[in-house]
Q: 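Have a look at this one.
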Amino acid sequence: MAEIYFDDDADLGLLKDKVIGVIGYGNQGRAQAWNLRDSGLQVLVGNREDDYAAAARRDGFQVLSVAEAAGRAHVLLLLIPDEILPAVFAQEIGPQLSPDKVLVFASGYNIYYRQVEPPPYVDVVLVAPRMIGKGVREGFLSGKGFPSLIAVHQDHSGQALPITLAIAKGIGSTKGGAVMSSFAEETICDLFNEHFGYLYSIRRAYEVLREAGCSPEAILLEFYASGEEMELARAHYEIGLWHQLPLHSQTSQYGQEVTARLSPEEEEQERARLRRIVENITSGRFAKEWTLEQQAGYPMWKRLRAQNLEHPMIVEERKLYRRLGRIPPEGEAAGSG
Ligand code: NDP
C-alpha cells in the first residue's frame, strides 16, 4: 500500500533558511510560488523577460533570469513545460548547480526518459500535483489542499524525503495527501490517462448516435455540454466511482452496471488495446515520437488539430454554444461588445 503523508509528517522548518527558486511562472509556477510565499517561505522566480516575468513582478516576486535564479536558490522547482525543460536545463540550470541543491520536478517525464540527467551531487525529487494550477491555489486558500504524487530519485543529502515533504506542505499538498510514488509510475499513469482516448470515445458515440437519427443538440447535451458531467465528476470525487451510483435512477444504474459490460472477447480486446498504450509509453516509443514531432515543427499535431476542429461534432458544438450564449456570435471576438 502506498504511504500517504499529511501535514503532521512534514516540517516546513527545513526550508526556513533556504531560498526557493520557482522556475517558470505559468499554470503551476504561479500557483506554487504564491502558496510557498503564503507558507512563509523565501521565494524568487526565474523566468525569461516577457509577460510571465512581468506578471510575477506585478505579483510582488523578485524575478531573475533562469540561470541567476538557479544559481541563487537552494531548492529549484522546475515548472516549465516538460518538452522545453531539457534544453533550458542543459543551458541555464545545469551549469549553476552546486552540491546540495535540490531539484523538484512536477512531472516524472524528463527523469524517466533520461531527457534531463542531473549531476550526482544534488537531490532529485518529485512533487507532482494531481491538480491544475488554478486548483493548487484554490485548494491552498480553502485549506482543503490537493493530492500529489511524490518521489525521491536521488538522495545526495540524506534529507531528500523530508525536504520533499516540506515542499509538498509549503504548496498545500500535505493537506490533501502526498502519496509516495516514483518518477516512472507518475509518468506511466499520467501519460496513460492522456492516451486512453476519452475525447475520441465521445466522438465515436456522437457519430453512432447521429446515424441513429439523434440531433446534435441532444447528443452534445447528453455527453458534456449540459454541465451534468461536472456534477458527476464531483460525485466521483466525493462519494466514489461506484458508490455514487445510487444518485442515478434504477434504470440508469442497471444500464451502467449490467448492460454496459463487455463480452469476455470484447473485454480481452479492450485490455489488449490498453496494454499497447502502456507498452508505447514504457518502451519509450511515445517519447521518441513526441520529440521528433517537436523537432519537425509539430506537423502531425497541427494537421490533426485542424481536422478535429472541422469535425461535424465540433462544428455543431460551436453552433450550440453560440445559441446558448456561451461563446460570442460568429465574427464577434470574445469579450467585445
Ligand atoms: P506552463 O505551460 O504553464 O509553463 C509556462 C512557463 O514556462 C512560463 O513561465 C514560461 O515562461 C515558461 N517557459 C516556456 N517556454 C520556455 C522556455 N523556452 N524557456 C524558459 N521558460 C519557458 O507549464 P505548467 O505549469 O502547465 O507545467 C509545469 C510543470 O508542471 C510540468 O512539468 C507539468 O508536467 C507539471 N504539471 C502540470 C500540471 C498542470 O495542470 N498544468 C499538473 C501537474 C503537473 P516564458 O514563456 O515567459 O519563458
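Read the numbers this way: they start at 1 and go in the same order the structure lists the ligands and their atoms.
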Q: Using a strict cut-off of 4.0 Å, indicate which atoms of ligand 1 neighbour a heavy atom of Gly24.
A: 9 (O)
Q: Are any of the N or O atoms of Gln28 closer than 3.5 Å to those of ligand 1?
A: yes
Q: Looking only at protein heavy atoms, identify the closest one to atom 32 (O) of ligand 1 and say how far it is in Å.
A: Asp82 OD1, 2.6 Å
Q: If you take the nearest heavy atom of each of Gly26, Pro81, Gly133, which one is closest to atom 2 (O) of ligand 1?
A: Pro81
Q: Which pairs, with at least one residue in residues 52-69 and sequence neighbours excluded, count as a salt bridge (charged side-chain N to carboxylate O under 4.0 Å, His left out)?
A: Arg30-Asp59, Glu49-Arg57
Q: Closer than 4.0 Å to some heavy atom of Val88 - which atoms of ligand 1 meet that?
A: 19 (N), 20 (C)
Q: Starting from atom 21 (N) of ligand 1, what is the nearest protein heavy atom, named by residue and atom, and what distance separates them?
A: Ile80 CG2, 3.8 Å
Q: With a 4.0 Å heavy-atom cut-off (strictly under), which part of Ile84 contacts ligand 1: side chain, backbone, both or neither?
A: side chain
Q: Do any nitrogen or oxygen atoms of Asp50 lie less than 3.5 angstrom from nitrogen or oxygen atoms of ligand 1?
A: yes
Q: Identify, for atom 40 (O) of ligand 1, the protein heavy atom at the shortest distance, and state residue, atom and that distance.
A: Ile132 CA, 3.2 Å
Q: Tell me whether Leu78 shares a hydrophobic cluster with Leu126, the cluster being built from Ile, Leu, Val, Met, Phe, Trp, Tyr side chains joined at under 4.5 Å.
A: yes
Q: Heavy-atom distance under 4.5 Å between the side chains of Leu76 and Ile93, does that happen here?
A: yes
Q: Going by atom types alone, do Gln32 and Gln28 pair a side-chain donor with an acceptor below 3.5 Å?
A: yes
Q: Which atoms of ligand 1 have any heavy atom of Ala106 under 4.0 Å away?
A: 30 (O), 35 (C), 44 (C)
Q: Distance check, rounded to the nearest 0.5 Å: Thr282 atom OG1 versus Ile277 atom CD1?
A: 12.0 Å
Q: Looking only at side-chain N and O atoms, does His311 offer a donor or acceptor that is under 3.5 Å from a partner on Glu207?
A: yes
Q: What do you reckon, does Pro129 put a non-hydrogen atom under 4.0 Å from ligand 1?
A: yes
Q: Tell me the contacting part of Asn27 for ligand 1: side chain, backbone, both, or neither, using a 4.0 Å heavy-atom threshold, strictly below.
A: both
Q: Evaluate the side-chain proximity of Glu316 to Met313: yes if any heavy-atom separation is below 4.5 Å, no if none is.
A: no
Q: So do Lys302 and Gln307 actually touch side chain to side chain, heavy atoms under 4.5 Å?
A: no
Q: Between Ser157 and Asp100, do the side chains contain a donor N or O and an acceptor N or O under 3.5 Å apart?
A: no
Q: Have a look at Ile93, Leu79, Asp190 and point out the one with the heavy atom closest to atom 28 (C) of ligand 1.
A: Leu79
Q: Between Ala166 and Leu12, which heavy-atom pair has the shortest distance, and what is it?
A: O-CD2, 3.5 Å
Q: Can you tell me the protein heavy atom closest to atom 46 (O) of ligand 1 and the distance?
A: Arg48 NH2, 3.1 Å
Q: Where on Met131 is there a heavy atom closer than 4.0 Å to ligand 1, on the side chain, on the backbone, on both, or on neither?
A: backbone
Q: Taking the basic N atoms (NZ, or NE/NH1/NH2) and the acidic carboxylate oxygens, is any pair closer than 4.0 Å for Arg285 and Glu289?
A: no
Q: Say whether Asn47 and ligand 1 are in contact under the criterion: heavy-atom distance to a ligand atom below 4.0 Å.
A: yes
Q: Give the atom numbers and elements of ligand 1 that come within less than 4.0 Å of a heavy atom of Ser107.
A: 32 (O), 34 (O)
